[in-house]
Amino acid sequence: MAKTEDNLKEAFAGESQAYQKYLAYAQRAADESMDGIYKLFHAVAASEKIHAQRHASYLKSVKNTAENLKEAMAGEMHEFKTMYPSMIADAKAEKKAGPEISFSHAREVEKIHHGLFKKALENPDKFPVHDYFICNACGYIVAGEPPEKCPVCGAVKKSFHKVD
Ligand code: FE2
Ligand code: FE2
Ligand code: FE2
C-alpha cells in the first residue's frame, strides 16, 4: 500500500497550517511587545513554509499550469458557492458578527480569484504580467492600480500593498 502520497498531503496541510499559525502567534507577540519572540515565530514560520512548498512539489495533485488553473477555479467556486454561504449562515445563527464578516469578505474575494483564474485559463501562454495589489484587511486583489476604496470591505487606498 502506497502511503507516501497521503503522507505528502497530510504533511503539506500540517506545515501550511503551522506557517499561518506561527504568523498569527508572531503578530500577537509583537502586540505584547515581545520582539524576540515575534522574530522567532516569524523565522520558524518561514521555515515551515519551505517544508510545505517542498512537500507540495512532490504531490501528484500539482499538474501542468492549465490543469492547475482548472483545479484552482473549481476550488474557488466551491468556496464561494457552497462552503462560505453555509459558514456565513452558521455564524449568523450563532450571532458571531466578526466571523460572519470574515467569511463574507472571503466569499466575495474568492469570486474574484475564480474570475482571475478563468481569465488566465483563456490563454495561459499569453496571460499578461501584471502588478497585483492586495487589501490588507480583506484580501481583495486587483491588477494594475489599487482603488481609492476597497470594493469588498471599504478600506482606504493606503491599506493596499503591492505583491512582490
Ligand atoms: Fe516543519
Ligand atoms: Fe481564493
Ligand atoms: Fe478590503
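Heads up: numbering here begins at 1 and tracks the sequence. All ligand and atom numbering here is 1-based and tracks the order in the structure.
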What N/O/S atom of Glu110 is the closest to the Fe ion (ligand 2)?
OE1
Using a distance threshold of 2.8 Å, what protein N/O/S atoms lie below it relative to the Fe ion (ligand 3)?
Cys135 SG, Cys138 SG, Cys150 SG, Cys153 SG
Taking the six-membered ring for Trp, are Tyr84 and Phe103 parallel (under 30°), tilted (30 to 60°) or perpendicular (over 60°)?
tilted
Test: Arg107 and Glu110 ion pair at under 4.0 Å
no
same_hphob_cluster(Met34, Val44) at 4.5 Å side-chain heavy-atom cutoff
yes
Closer than 3.5 angstrom, by distance alone: can the side chain of Ser104 be matched with the main-chain N or O of Glu100 as a donor-acceptor pair?
yes
Let's test this: below 2.8 Å, count the protein N/O/S atoms around the Fe ion (ligand 1).
4
Here the salt bridge (Lys or Arg N to Asp or Glu O under 4.0 Å) pairs for residues 11-27, sequence neighbours left out, are none
Give me the ring orientation class for His130 and Phe127: parallel if the planes are under 30° apart, tilted from 30 to 60°, perpendicular past 60°.
perpendicular
Quiz question: by atom type and distance under 3.5 Å, do the side chains of His51 and Glu48 form a donor-acceptor pair?
yes
Main-chain N/O of Lys60 paired with Glu5 side-chain donor or acceptor, under 3.5 Å:
yes
Of the backbone and side-chain N, O or S atoms of His114, does one lie nearer to the Fe ion (ligand 2) than 2.8 Å?
no
min-distance N/O/S atom, His113 vs the Fe ion (ligand 2), resolves to ND1
Just grab all the salt bridge (Lys or Arg N to Asp or Glu O under 4.0 Å) pairs involving residues 135-152, residues at least two apart or on different chains.
Glu148-Lys157
Asn136 side chain to Phe160 backbone, donor-acceptor under 3.5 Å:
no
Report yes or no: does Asp131 contribute a side-chain atom to a donor-acceptor pair with the main-chain N or O of Gly144 at less than 3.5 Å?
no
Minimum-distance N/O/S atom that Glu76 presents toward the Fe ion (ligand 2)
OE1
